[in-house]
Amino acid sequence: MTERRRIGQVKEVTSLTNPLIKDIRGLTQKKNREESGQFLAEGLKLVIDALDLGWTISTLIYAKNAKGRPHVEPTALKALNAGALVLEVSEKVLSTITRRDNPQMVVGVFEQRYGKLDRQTPARGETWLALDRVRDPGNLGTIIRTADAAGASGIVLVGETTDPFALETVRATMGSIFAVPLYRASVPEFLAWCAKHKAPLVGTHLEGAVDYRTIDFKKAPTVLLMGNEQQGLPQELSSACSALARIPQQGRADSLNLAVATGLMLFEARRHFLSLET
C-alpha cells in the first residue's frame, strides 16, 4: 500500500508571540539553524528558485497584503502541495522574522543541503572552488553568486567557515545558494580528496610566483583555493598547491576584497568555457 501524500495547511497568524513565529524567527541564530537543519530564504524569487530546483520547504510565510499579487498564490499552492505549512501573516510579523523595516512579502523555511565530497569526481573542464575559513557572510554570499554565474561545479568550505545558510549570506547569493552544490571538509579531508583525483590545486597568495592569467585551466579539472580574508592561506594548504597565483595590482591598495579576487580567479579559470551565446 502506497503512503498517502501529506498536504500542507494554511494558517493565519497575527501575534508576534505565536510559537510558530518564535521558532521561525529563531532561525536567524546559527545555533537554531544547526539544531533544526533549516534556514530562511527571503523573497518571492528565492522561494520560487528553491522550489523549482527541488529543495525541501517546510514552511512558507507571506504577507496578507501580498495576496493577489503575481506568483504569490501559485507559489503558496506549490508549497502546500509539497507538504509545507503556509502562514498568512501581517507585515509586522514579517518584519520581526526578517529583521527588516520593509521586508519582502514572502519568506520560506527550507531544509539545509550539503553534498558528500567523497562521492564527487572532478571531470575534465570543471572548475571547483575551495574556501578556507571565510568569515564574512556578505563575502560568502557574493562568492556563491559569482561561482554560479561562472559555472563552477561546486564549492568546498574548508575548516570553520561562516554559515552559508545565515540570512545575510542567503540574501547576498540572490538565489544562487540553491544552484551551486556546497560541501564541507576538514583540511586533511580536502587535501586527500584533491590528491585522490589528481586535480591541480591553484591557490592565491600575495607571494605567489605565477600571474593568474598565465595558468592553463583547460586541460584538467581545476580546484581554485582562496584563503581567509585576514590571514590568507596557511602553510599546510599553500604548500599543497600545484601553483600559487597572484593578481597583479597597481595603486596603494595592498590587497583585494576576497569576493572580488575570487571573481577574477573564477572567470579567468572559466574564460575558455564561457560564451555570450546562450
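When reading the values below, keep in mind they use all heavy atoms of this one structure, side chains included, and skip hydrogens, waters and symmetry mates.
No chain of hydrophobic side-chain contacts below 4.5 Å, direct or via other Ile, Leu, Val, Met, Phe, Trp or Tyr residues, connects L258 to V158. Both V109 and L94 are members of a single hydrophobic cluster when ILVMFWY side chains are connected at heavy-atom separations under 4.5 Å. Each of V202 and F273 belongs to its own hydrophobic cluster when Ile, Leu, Val, Met, Phe, Trp and Tyr are linked at side-chain heavy-atom distances under 4.5 angstrom. The cluster map of Ile, Leu, Val, Met, Phe, Trp and Tyr, joined by side-chain heavy atoms under 4.5 Å apart, puts V187 and Y183 in the same cluster. Residues V72 and L77 do not share a hydrophobic cluster, clusters being chains of Ile/Leu/Val/Met/Phe/Trp/Tyr side chains in contact below 4.5 Å.
No side-chain heavy atom of R271 sits less than 4.5 Å from a side-chain heavy atom of F217. In this structure the side chain of T17 never reaches within 4.5 angstrom of the side chain of I21, judged on heavy atoms. Taking the side chain as every heavy atom from C-beta outward, L244 and T204 never approach each other to under 4.5 Å. Inter-residue side-chain proximity for V93 and L16 is flagged as met; some heavy-atom pair is nearer than 4.5 Å. When side chains are defined from C-beta on, T146 counts as touching F267, because their heavy atoms get closer than 4.5 Å. Taking 4.5 Å as the limit, some side-chain heavy atom of L237 sits within range of a side-chain heavy atom of F190. Using a 4.5 Å heavy-atom cutoff, the side chains of T142 and T262 are not in contact. Contact check for Q104 versus T98: no side-chain heavy atoms found under the 4.5 Å cut-off.
Between E34 and K31 no salt bridge is recorded (no basic side-chain N to carboxylate O distance below 4.0 Å). Ion pairing between a basic and an acidic side chain is recognised when a charged N comes within 4.0 Å of a carboxylate O; R99 and E42 show no such pairing.
At distances below 3.5 Å, not a single donor-acceptor pair connects side-chain atoms of W128 with backbone N or O atoms of P122. At distances below 3.5 Å, at least one donor-acceptor pair connects side-chain atoms of T169 with backbone N or O atoms of D163. No side-chain donor-acceptor contact under 3.5 Å links S176 to the backbone of A179. Remark: side-chain polar atoms of R133 are not paired, donor with acceptor, to backbone N or O of E160 under 3.5 angstrom. Between the side chain of E229 and the backbone N or O of D136 there is at least one donor-acceptor pair closer than 3.5 Å. With hydrogens and angles disregarded, no donor-acceptor distance shorter than 3.5 Å links the side chain of E12 to the backbone of K64. Judged by distance alone, with hydrogens and angles left aside, the side-chain atoms of S95 form a donor-acceptor pair with the main-chain N or O of R100 at under 3.5 Å. Here the side chain of Q112 pairs a donor or acceptor atom with the backbone of Q38 at under 3.5 angstrom. Judged purely by atom type and a 3.5 angstrom limit, W55 has no side-chain atom pairing as donor or acceptor with the backbone of R113. Here the side chain of E73 pairs a donor or acceptor atom with the backbone of G68 at under 3.5 angstrom.
Qualifying side-chain hydrogen bond (donor to acceptor under 3.5 Å, both in side chains) partners for S186, counting only residues two or more places apart in sequence or in other chains: E189. Residues satisfying the side-chain hydrogen bond (donor to acceptor under 3.5 Å, both in side chains) criterion with K45, sequence neighbours excluded, are D49. Partners of R270 under the side-chain hydrogen bond (donor to acceptor under 3.5 Å, both in side chains) rule, at least two apart in sequence or in another chain, are T127.
Sparse packing is recorded around CE of M174, with 12 or fewer heavy atoms of other residues, nucleotides or ligands lying under 6.0 Å away. Heavy-atom neighbours of H272 NE2 from other residues, nucleotides or ligands within 6.0 Å: above the threshold of 12.
One distance of note links CD1 of I155 with CG of L129; it measures 5.5 Å at 0.5 Å rounding. Note that the CD1 atom of I97 and the CD1 atom of I61 stand 5.0 Å from one another [nearest 0.5 Å]. Between the CG atom of L27 and the CG atom of L40 there is a distance of 5.0 Å, given to the nearest 0.5 Å. I24 contributes atom CD1, which lies 5.0 Å from atom OG1 of T59 (distance to the nearest 0.5 angstrom). Between L80 atom CG and Q9 atom CD the span is 9.5 Å, to the nearest 0.5 Å. Annotation: the span from I144 atom CD1 to L157 atom CG amounts to 7.0 Å, rounded to 0.5 Å.
Closest approach of G108 and I57 over heavy atoms only: CA-CD1, 4.5 Å. Across A41 and V170, no two heavy atoms sit closer than the pair CA-CG1, 4.1 Å. The shortest heavy-atom contact between I177 and P164 is CD1-O, 3.6 Å. The shortest heavy-atom contact between L117 and W193 is O-NE1, 3.2 Å. Nearest heavy atom pair, residue H197 against residue T121, reads CE1-OG1, 3.5 Å. Of all non-hydrogen atoms in A261 and L256, the two that sit nearest each other are CB-CB, 4.2 Å.
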Intermediate values then yes/no, side chain to side chain contact (heavy atoms under 4.5 Å, CB included), V47 and F110: CA-CA 9 Å; V47 171; F110 290 91; 4.2 Å; yes

L201 vs L191, side chain to side chain contact (heavy atoms under 4.5 Å, CB included): CA-CA, chis, key distance, verdict: CA-CA 9 Å; L201 184 58; L191 293 178; 4.2 Å; yes

Derivation and outcome, side chain to side chain contact (heavy atoms under 4.5 Å, CB included), residues L131 and M226: CA-CA 5 Å; L131 302 171; M226 307 299 295; 3.9 Å; yes

Audit row: L44, M105, side chain to side chain contact (heavy atoms under 4.5 Å, CB included) steps and yes/no: CA-CA 7 Å; L44 181 60; M105 293 293 99; over 6 Å; no

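The side-chain tip of R184 points at the ring of Y114 from less than 6.0 angstrom away and within 45° of straight on.
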